[in-house]
There are 2 protein chains.
Amino acid sequence: MGKKVKEALKKLKNHGYKYTDKREDMLNYFGEYDGYRTASDVQAFMKEKYTGISFDTIYRNLHLFHELGILESTELDGEKHFRMRCDTSKHHHHLICKECGKTREIELCPMEYIEKELKGFRIDDHKFEIYGVCYDCQ
Amino acid sequence: MGKKVKEALKKLKNHGYKYTDKREDMLNYFGEYDGYRTASDVQAFMKEKYTGISFDTIYRNLHLFHELGILESTELDGEKHFRMRCDTSKHHHHLICKECGKTREIELCPMEYIEKELKGFRIDDHKFEIYGVCYDCQ
DNA sequence: AAACCAAATCGTAATTATTCCTATTTACAA
DNA sequence: TTGTAAATAGGAATAATTACGATTTGGTTT
């Protein structure tokens, strides 16, 4: 089990959430995949072992993990995608493969270079993503 | 009627599509709003005049306009948003008000500054958007 | 102006991702 | 071991979007 999964399980416990084998398996799934996965990807994986697993369980846990900062998420083609949170210390953006969801971190954040254009707007959030096809998927 | 709407109607005709009053009204709606609107916004507007207008008509025309480059689109909170295409000549990005959908163009495109990070990826597209609340909505 | 035909529209059903709800089960603390 | 809040199953509900057969209409041709 990866370090991030161990930390995530500890974080769950610290916040008073219970340990379940399903949660551990979901976390391991993300722990072993360096990219974005949809709820439906997770469900497909979980069904192998837990044939009767419910939507509710998948979605509830995804949202919980996201709330706790274990996962980060984005929306691609109308579907939410989740991935294990990158090194939490630094702000970053991603290059995302539309085939496999795998990512590469982008160092540059364009917000640093923008000041004068933001006058009058209250800025809440921003998104910078590059989409394409990674080496392995080409 | 705005210049862009006139051009759009001409473009429809040039591509062999028919003129309809519904299309003209939809185009005028976008022509008069400098920001993003959802299918449901358009529908609400169109229902005022055409009480029985169908989803199909709204969506078909939105997609057609998008295909022809009359509208540009983005996805916010799981919902497609459309706006009249900005000056088609130059690549740009947007500051988007989450309240009213109105936009401000951003001059800077971060892609210019990124080269070394893209190796091995085939780049198809990118998204740079800033979200917040505009002056009028605050 | 009448006829014709492809395009446009209506009305509604189907689809997809997601959320919600209630009854039941389970983790784990006392 | 027992109590209880959390977690889950199973399925219904919602929301945005797409699909499709039947009908109507714009615009061209006769």
Side-chain angles (χ1 to χ4, degrees), chain A residues 8-29 36-68 70-71 73-83 98 101, chain B residues 8-29 36-68 70-71 73-83 98 101:
Chain A
L9 288 169
K10 188 182 291 181
K11 190 176 264 185
L12 282 172
K13 169 159 267 180
N14 290 345
H15 283 78
Y17 295 104
K18 294 178 179 169
Y19 162 86
T20 69
D21 48 357
K22 296 191 182 72
R23 283 182 174 164
E24 181 176 329
D25 286 350
M26 279 182 66
L27 289 168
N28 275 318
Y29 178 67
Y36 282 107
R37 305 275 73 193
T38 64
S40 134
D41 292 330
V42 177
Q43 194 197 30
F45 169 75
M46 295 295 283
K47 282 240 171 177
E48 291 171 16
K49 189 165 166 189
Y50 309 97
T51 47
I53 194 168
S54 110
F55 288 120
D56 206 33
T57 300
I58 305 286
Y59 281 104
R60 187 170 15 75
N61 285 328
L62 286 174
H63 289 150
L64 175 62
F65 297 162
H66 187 250
E67 236 171 71
L68 294 178
I70 294 166
L71 299 181
S73 83
T74 191
E75 196 161 326
L76 304 171
D77 303 318
E79 206 173 350
K80 277 170 201 142
H81 288 59
F82 298 86
R83 56 157 295 137
K98 287 270 198 159
Chain B
L9 289 169
K10 189 182 290 179
K11 189 175 265 184
L12 282 172
K13 170 160 267 179
N14 290 345
H15 284 77
Y17 295 104
K18 293 179 179 168
Y19 163 86
T20 69
D21 48 358
K22 296 191 182 73
R23 282 182 173 162
E24 181 176 330
D25 286 350
M26 278 183 66
L27 289 168
N28 276 319
Y29 179 67
Y36 283 107
R37 303 276 74 191
T38 64
S40 134
D41 293 329
V42 177
Q43 194 196 30
F45 169 75
M46 295 295 284
K47 282 239 169 175
E48 289 171 18
K49 189 165 167 189
Y50 309 96
T51 47
I53 195 168
S54 115
F55 287 119
D56 205 35
T57 302
I58 305 286
Y59 280 104
R60 188 170 15 75
N61 285 328
L62 286 174
H63 289 150
L64 174 63
F65 297 162
H66 186 249
E67 238 172 69
L68 295 179
I70 294 166
L71 299 181
S73 83
T74 191
E75 196 161 326
L76 304 171
D77 303 317
E79 207 173 349
K80 277 169 202 143
H81 288 59
F82 299 86
R83 56 156 295 138
K98 287 271 199 156

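Each chain gets a letter, A, B and so on, in the order the sequences are listed, and its residues count up from 1.
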Ring geometry between F45(A) and Y29(A) (parallel below 30°, tilted from 30 to 60°, perpendicular above 60°): parallel
Atom of R60(A), atom of R23(A) and distance for their closest heavy-atom approach: NH1-NH2, 4.2 Å
Base dA5(D) to side chain K18(A), donor-acceptor N/O within 3.5 Å cut-off: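 Such a pair is found, so the answer is yes.
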Residue met sooner reading DNA chain D from 5', once D56(A) and H63(B) are mapped to nucleotides: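 With D56(A) and H63(B) compared, the 5'-side residue is D56(A).
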Pairwise 5' ranking along DNA chain D for S54(B) and I53(A), keeping only the more 5' one: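 First, find each residue's nearest nucleotide; the 5'-ward one identifies I53(A).
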When you check the phosphate oxygens OP1 and OP2 of [N], does a side-chain N or O of [X] lie under 4.0 Å from one of them?
X: Y17(A); N: dA6(D); result: no
X: K47(B); N: dC10(C); result: no
X: T20(A); N: dA6(D); result: no
X: R60(B); N: dT9(C); result: yes
X: K22(A); N: dA9(D); result: yes
X: T57(B); N: dC10(C); result: yes
X: Y59(B); N: dT18(D); result: no

[Y] backbone acceptor or donor facing [X] side chain under 3.5 Å:
X: H15(A); Y: K11(A); result: yes
X: D41(A); Y: T38(A); result: yes
X: R83(A); Y: G101(A); result: no

Non-hydrogen side-chain atoms of M26(B) and L62(B) separated by less than 4.5 Å: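 Side-chain contact under 4.5 Å: yes.
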Grab the [atom1]-[atom2] distance between [X] and [N] for me, whole Å please.
X: L62(A); N: dA7(D); atom1: CG; atom2: C1'; answer: 15 Å
X: I58(B); N: dT12(C); atom1: CD1; atom2: C1'; answer: 16 Å
X: L9(B); N: dA8(C); atom1: CG; atom2: P; answer: 13 Å
X: Y50(A); N: dT25(C); atom1: OH; atom2: C1'; answer: 15 Å
X: L64(A); N: dT19(C); atom1: CG; atom2: C1'; answer: 16 Å
X: K13(A); N: dA5(D); atom1: NZ; atom2: C1'; answer: 16 Å
X: F55(A); N: dT8(D); atom1: CZ; atom2: P; answer: 16 Å
X: F65(B); N: dA7(C); atom1: CZ; atom2: P; answer: 16 Å

Position toward the 5' end of DNA chain C (nearest nucleotide), Y19(B) or G52(B):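 Per heavy-atom nearest nucleotide, the more 5' residue is Y19(B).
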Proximity to the side chain of E79(A) - top-ranked nucleotide from dT12(C), dT9(C), dT18(C): dT18(C)
Sugar-phosphate, base or nothing in reach of R23(A), heavy atoms under 4.0 Å: sugar-phosphate
